[in-house]
Amino acid sequence: MRSADFVRLILQSLSAAKLRSSLTALGIAVGICAVTLLTSLGEGVRDYVLTNFSQFGSRIIAINPGKTITGGMGGLLQTDRPLTLDDAEALTRLPHVTHVVPIVQGSGTVEAGGRTRSTDIIGANHAIHSAWQFDLALGRGLPADESGRSRSFAVLGHKLQQELFAGQNPLGQSIRVGGMRFRVVGVMAAKGQMLGFDLDDMVFIPVDKALMLFNRNGLMEIDVVFADSASTDKVLASIRKQLITRHGAEDFSLISQDDMLQSLDNILQVLTAAVAALGAISLLVGAVGIVTIMSTAVRERTSEIGLLSALGASQRQILLLFLAEAVALSFAGGIAGIAVAISLVLSLQLLLPALPLQLSLFYLSLSLLLSIAIGLAAGITPARQAAIMQPIAALRAE
Amino acid sequence: MIELHQLCRSFLLGDQAVKALDNINLSIRAGEYISVMGPSGSGKSTLLNMLGLLDAPDSGQYLLQGTDTTLLTDNERARFRRQHIGFVFQSYHLVPRLTAQENIELPLVLAGVPPQQRKPKVAAILAQLSLTERASHLPNQLSGGQRQRVAIGRAIVMQPQLLLADEPTGNLDSQSGLDVVNILEQLNQQGITLLVVTHDPALGQRARRRIRMVDGRIVADEQHSTAAGTLHA
């Protein structure tokens, strides 16, 4: 049979029962729409979280004091050496390393001209601006002074600056951070929130001052940024070697941003797959609808099947005719479902721009393929029933 | 053209085997006009299905144009039906959603004949059966006689050698029945082998060769030089 004729026969028999065909396709459409919407949401969340985490750049390795191993004697007998400013200094000399940011973090009150505000205090060095992509809105960044002798300069987060100075020029003003005097030299550009952590409500001071302020003998973290040309593993290895040489043992932990993003990505992909599976339940219901309708059609059209075999249609032709009807129903449902899902996502993006929704071409084409597969799976049993029908029994059926 | 040797076919009716065809020997030459008559359950419809390759015998041999059809696969039988055999049923068996023209065209479509070759064939048949004006009507917009003419058109569009008609006038009033019979006989005069299964003696006696069946056996097989009597329902 010619394919144009084949398609015409299929469409003629589907349109002969318009209401029934469209209701059956609707079942699939709802399922495909649910799968598409839920995967869009999953992809959107994934995208949102990953962008949030990679806003500091992805070529960062974080070094924390202490080795995460379970067991041993516990904290009192811990012999970890603290990470020091000298360690950080030594790391800057490693190949491929472009920035090293020693970090101490704490909280305290910031006072300026009679106003006070409790806020996060970050001790870092001048490299933080390029390493973390913290751009300045005003003035200069943290001073690039020799370690241990930094001048008492502070950089304000965008929000903190507004709260303390309310539109006045803060540059050159004197503030107190946790009781120590600092001069404001710069203001960060607005950075927004990261997972509920307000990056703009902070004050940045030189790390050695922060060590003094919090009375600590070691850093909380050292962030190392490396050049694009080097592989993460290579840089990890050279950092590990350098620090073991300096400490005598591996009493620190290294986490690369790649690792973190990778494991986060894995979790979020599982999440997306899980919500897609939820949508697939409604798809299953739609598939049952196709099986029902096709079985009914085969029973109703028994005499037609008999006629077709009397006219010389082979079993294969009869099988294909009914199978193609099922696939056409399911494919039409798939197209309709995707169309509705796309328009829903687009209008949701207009109405609620904050909602993380991401249409993924991968999942869209997967849904379409899925609808075809469902048509095949749901149609094969009724189609086979039609094909193996005995022609005389079928002809007698009327 | 057709040779049946010792053909047997039985069905289970409840737990009892009924012999629908009991050692049938029959030979049919090309161009014959045959009627098969007999009471209900005498096996005449089974014989027709057997000749039309819609059913297979339990034992015996059926040679159609020299081919032993008992050895054919389902697909080969389908091809034989398509190329050599046309069916006309009592209840027409038209596809309700296809127009008269599309119903006649259906065997050509199934056989994969390209549209430009189908068009003239279908047009010629529509004209031959005086259905040209009804070409785009659906079956439920046609009278019984017109429906049966469409069914005949569909049966002959592949130009088969054998036309099998099962009670072709059974659902028709006498006038349209007569029209249908005239068409079938015309086709026979043009060379097609015609076999009509009927209850109606008037129809049966128009055939030159009359076969009578009882209990799965052929009890009479008479040859008449001319058609006797006229159709009166």
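All values derive from a computational prediction rather than experimental measurement. Below, all heavy atoms of this structure are taken into account, side chains as well, without hydrogens, waters or symmetry copies. Proteins get letters first, then strands, A, B, ... in listed order; numbering begins at 1 in each.
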Count the heavy-atom pairs under 4.5 Å between each of B/Ala111, B/Gly52, B/Pro115, B/Gly86 and chain A, then report the option with the highest count.
B/Pro115

Considering all heavy atoms of both residues, which atom of A/Ser314 and which atom of B/Ala78 are nearest to each other, and what is their separation?
CA-CB, 4.1 Å

CG of B/Asp58: more than 12 outside heavy atoms within 6.0 angstrom?
yes

B/Gln116, CD atom: more than 12 neighbouring heavy atoms under 6.0 Å:
yes

Give a yes or no on whether B/Leu12 atom CG has more than 12 heavy-atom contacts from other residues, nucleotides or ligands under 6.0 Å away.
yes

Looking at every heavy atom in both B/Val113 and A/Asp5, which two are closest together, and how far apart are they?
O-OD2, 4.4 Å

Smallest separation among heavy atoms of B/Arg118 and A/Arg2, with atom names:
NH1-CD, 4.3 Å

Going from CD on A/Gln390 to CG on B/Asp55, what distance comes out if it is rounded to the nearest 0.5 angstrom?
7.5 Å

Using a cut-off of 6.0 Å, state whether more than 12 heavy atoms not belonging to B/Gln16 lie near its atom CD.
no

For residues 38-45 of chain B, please give each side-chain donor-acceptor pair under 3.5 Å, one per line with the distance, not counting sequence neighbours.
unit_1  : atom_1 : unit_2   : atom_2 : d
B/Ser40 : OG     : B/His199 : NE2    : 3.4
B/Ser42 : OG     : B/Pro39  : O      : 2.7
B/Lys44 : NZ     : B/Gly38  : O      : 3.3

B/Leu106 and A/Leu9: CA distance, side-chain angles, deciding distance, side-chain contact (heavy atoms from CB on, under 4.5 Å) verdict
CA-CA 10 Å; B/Leu106 193 54; A/Leu9 280 180; 4.2 Å; yes

Can you tell which part of B/Pro114 gets under 4.5 Å to a heavy atom of chain A, answering side chain, backbone, both or neither?
both

Does any heavy atom of chain A fall under 4.5 Å from the side chain of B/Glu76, the backbone, both, or neither of them?
neither

Measure distances from B/Phe89 to the heavy atoms of chain A and classify the residue's part below 4.5 Å as side chain, backbone, both or neither.
side chain

Quick check: are there more than 12 heavy atoms from other residues, nucleotides or ligands sitting under 6.0 Å from CZ of B/Arg97?
yes

Between A/Arg316 and B/Asp74, does at least one N-O distance fall below 4.0 Å, as a salt bridge requires?
no

For B/Leu108, which atoms come within 4.5 Å of any heavy atom of chain A: side chain, backbone, both, or neither?
neither

Is there a side-chain contact (heavy atoms from CB on, under 4.5 Å) between A/Arg8 and B/Val109? Walk through the geometry before answering.
CA-CA 10 Å; A/Arg8 193 169 48 87; B/Val109 169; 4.0 Å; yes

Under a 4.5 Å heavy-atom cut-off, does chain B meet the side chain of A/Gln317, its backbone, both or neither?
side chain

Residues of residues 304-312 of chain A contacting chain B, heavy-atom criterion under 4.5 Å, by residue number:
A/Glu304, A/Leu307, A/Leu308, A/Ser309, A/Ala310, A/Leu311, A/Gly312

If you take all heavy atoms of A/Ser303 and B/His93, which pair is closest and at what distance?
CB-CE1, 3.5 Å

Quick one: what part of A/Ser15 sits under 4.5 Å from any heavy atom of chain B, side chain, backbone, both or neither?
neither

